[in-house]
Amino acid sequence: MAQQFSQERLRVRPSSREEAVVAAAEEQFEQTLIRVRGELVGSVAALSHPGGRSDAANYGEVFLRDNVPVMFYLLLKGRYAIVRNFLEVCLELQSSAYQTRGVFPTSFVEEEGKLLADYGQRSIGSITSVDASLWWPVLCWLYVRRSQDWEFGASQRVQRGVQLLLDLVLHPTFEGTPVLFVPDCSFMIDRPMDVWGAPLEIEALLYGCLGSCCQLMELAQRGQSSRLLEQRLVLTRQWKHDLRRYLLKHYWVTSKTLQVLRRRPTEQYGETQGLNEFNVQPQVIPPWLQDWLEDRGGYLIGNMRTGRPDFRFYSLGNTLACLFGLITAPQQRALFRLVLHNRQHLMAQMPMRICHPPLEGDKWREKTGSDPKNWPWSYHNGGHWPSLLWYLGGAILLHEQRHPQADVLLMGQMRAMLEECYWMQLNQLPRQQWAEYFDGPTGTWVGQQARTYQTWTIVGFLLLHHLLRVEQQDVSLLDINRD
Ligand code: GLC
């Protein structure tokens, strides 16, 4: 079991093949780029084998979420034209249908000269992604700031896209909270995993999205201010502020906050219910949290629903919360302590695990609909995704850059862990053909149904390489709050 898994076995040696591996990865990455109307636009999700394009299923399409690291990488490399092209094609495909107006597609591809987009109608289980739409303003703002293409940012097309998207968020709802309610499967975890409601990844991303929308609207306001725009800005800023307060209040847990939670009154209503708004019974707090949190660890839980918090740890939601500044600097360090303390679970042999712990037994049967791909410790259900490591790396390096004096001992340990994780990937990924995901409690087995030459595995590694070896300062690109 993972618990008995010795830390010693995690020690890895640097490899003298570093340069060759990086050069080969760069070459693979070039092959993932495809054209729309003759112009490079972004990457397919996976190449099935070296030199060839995947024609299996939809891995040959340009997924918006898979292209997030791709666009970051292209921005770092100064290849702005491809990023702008990507943003423009996405904008062109933003839905104008009455019931989905403002939604960006999950993926698109050009077939026989025609642009085809998937809004969910073609995917397994007909699921629609919400994260794709929330990422677009973030990528757009980072592109505009890095390339200084202010004109594009302030253009009518972009501003209209932003307003259409905001319409999907800033509207009255039955419960009047600042979170965005979504169905199961609406983000990277796109198979049933009981992640419906207000899952952390969506809410953290929403926070970054609202911040980026504000930055883009401010650009337009500088050019030509209008009362309508001014009102939208005030509302968006307020929403973002309320969302943060809500998430910090209901999602952030430490050993201390849990002890308070365990002793709260239940079954409250009326004026007194402020103490336990979601009527959470102390019995739902799982025992594994005691060791997981130890004394000084903290993290954002996966979801909050009446009576049923989801205490699973989600790696991407938590690292995005750091990158977007949703959690405070001391909270970020509490999160880093937690990652370090639970390294045998979260990193093990292939950094890093997507969520922890997995759903098992009856829970797996009920919540996933007996999904064999999401078998415990596999795929989304506790599998290991190398593409996630660079987000954590970015969060650590950005924290160091913003707070160089803070807890140097901890940050030194985080840096050492990151280095080791980098070498693990460097040593294993080329041999495992840049697989999509890895299975089992230690993540040593290549995912049972994993694609090979998966783009975000390759580009995630290249991003980490860039930030660790080429230009650490570039991590500031990820700081959406910088003007
Ligand atoms: C799978 C993943 C999803 C990813 C897609 C393309 O459906 O679950 O997150 O976007 O493959 O790689």
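Whatever order the structure lists ligands and atoms in, that order sets their numbers, starting from 1.
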Chemist: May I ask you to identify the nearest protein heavy atom to atom 2 (C) of ligand 1, giving residue, atom name and distance to one decimal place in Å?
Modeler: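 Going by distance alone, atom 2 (C) of ligand 1 is nearest to Y379 OH, 3.5 Å.
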
Chemist: For a 4.5 angstrom cut-off between non-hydrogen side-chain atoms, does W136 reach Q94?
Modeler: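 No, side chains not in contact.
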
Chemist: Go through it in stages, so that I can follow the logic: the residues are E360 and K367, the test is salt bridge (charged side-chain N to carboxylate O under 4.0 Å, His left out), and I'd like the CA-CA distance, side-chain angles, deciding distance and then a yes or no.
Modeler: CA-CA 10 Å; E360 298 186 83; K367 305 293 185 191; over 6 Å; no

Chemist: Which protein non-hydrogen atom lies closest to atom 10 (O) of ligand 1, naming both residue and atom, and how far is it?
Modeler: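 Ranking protein heavy atoms by distance from atom 10 (O) of ligand 1, first comes D66 OD1, 2.6 Å.
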
Chemist: Do the ring centers of F438 and W385 come within less than 6.0 Å of each other?
Modeler: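 When the ring centroids of F438 and W385 are compared, they turn out to be at least 6.0 Å apart.
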
Chemist: Counting heavy atoms only, which part of M188 comes closer than 4.0 Å to ligand 1: side chain, backbone, both or neither?
Modeler: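 The answer is both.
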
Chemist: Using a 3.5 Å cut-off on N or O atoms only, is W385 in polar contact with ligand 1?
Modeler: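 N/O-N/O distance under 3.5 Å: no.
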
Chemist: Need the ligand 1 atom indices (1-based, order shown) with element for anything under 4.0 Å from a heavy-atom of A45.
Modeler: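 Ligand 1 atoms under the 4.0 Å threshold to A45: 6 (C), 12 (O).
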
Chemist: What atoms of ligand 1 come closer than 4.0 angstrom to any heavy atom of Q454?
Modeler: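 So the answer, numbered in order with elements, is 12 (O).
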
Chemist: Looking only at protein heavy atoms, which one is nearest to atom 5 (C) of ligand 1, and what is the separation?
Modeler: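 Going by distance alone, atom 5 (C) of ligand 1 is nearest to F63 CE2, 4.0 Å.
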
Chemist: Look at atom 7 (O) of ligand 1 and say which protein heavy atom is nearest, naming residue and atom and giving the distance to 0.1 Å.
Modeler: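 Here the closest protein heavy atom is D190 OD2, 2.8 Å.
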
Chemist: Atoms of ligand 1 less than 4.0 Å from R65 heavy atoms?
Modeler: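 Contacts of ligand 1 toward R65, numbered from 1: 3 (C), 4 (C), 9 (O), 10 (O).
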
Chemist: Evaluate the ring pair (Phe, Tyr, Trp, His ring centres under 6.0 Å) criterion for residues Y73 and F29: first the C-alpha distance (whole Å), next the side-chain angles of each, then the deciding distance (0.1 Å), finally the verdict.
Modeler: CA-CA 10 Å; Y73 186 66; F29 170 68; 5.2 Å; yes

Chemist: When the aromatic ring centroids of F86 and Y143 are compared, is their separation below 6.0 Å?
Modeler: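 No, ring centres 6.0 Å or more apart.
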
Chemist: For ligand 1, which atoms, with element, lie under 4.0 Å from some heavy atom of H380?
Modeler: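 That gives atoms 8 (O) of ligand 1.
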
Chemist: To which protein heavy atom is atom 11 (O) of ligand 1 closest, and what is the distance rounded to 0.1 Å?
Modeler: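 Atom 11 (O) of ligand 1 sits closest to the protein heavy atom Y59 OH, 3.3 Å.
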
Chemist: Check this for me: R482, atom CZ, are more than 12 non-hydrogen atoms of other residues, nucleotides or ligands nearer than 6.0 Å?
Modeler: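 Result for CZ/R482: enclosed.
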
Chemist: Should R84 and D149 count as an ion pair when the cut-off is N to O under 4.0 Å?
Modeler: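 D149 and R84: salt-bridged.
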
Chemist: Quick one: does ligand 1 sit under 4.0 Å from the side chain of R451, the backbone, both or neither, non-hydrogen atoms only?
Modeler: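 It is neither part, as no heavy atom is under 4.0 Å.
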
Chemist: Does F461 have its ring centroid less than 6.0 Å away from the ring centroid of Y422?
Modeler: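 Yes; Y422 has its ring centre under 6.0 Å from that of F461.
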
Chemist: Do ligand 1 and W456 have nitrogen or oxygen atoms that lie under 3.5 Å from each other?
Modeler: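 By distance alone, the answer is no.
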
Chemist: Taking 4.0 Å as the limit for heavy-atom contacts, which would you say applies to R191 with ligand 1: side chain only, backbone only, both, or neither?
Modeler: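 Looking at R191 and ligand 1, no heavy atom falls under 4.0 Å.
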
Chemist: Please assess W377 against N381 for the test side-chain contact (heavy atoms from CB on, under 4.5 Å), listing each intermediate value before the final yes or no.
Modeler: CA-CA 6 Å; W377 306 109; N381 192 13; over 6 Å; no

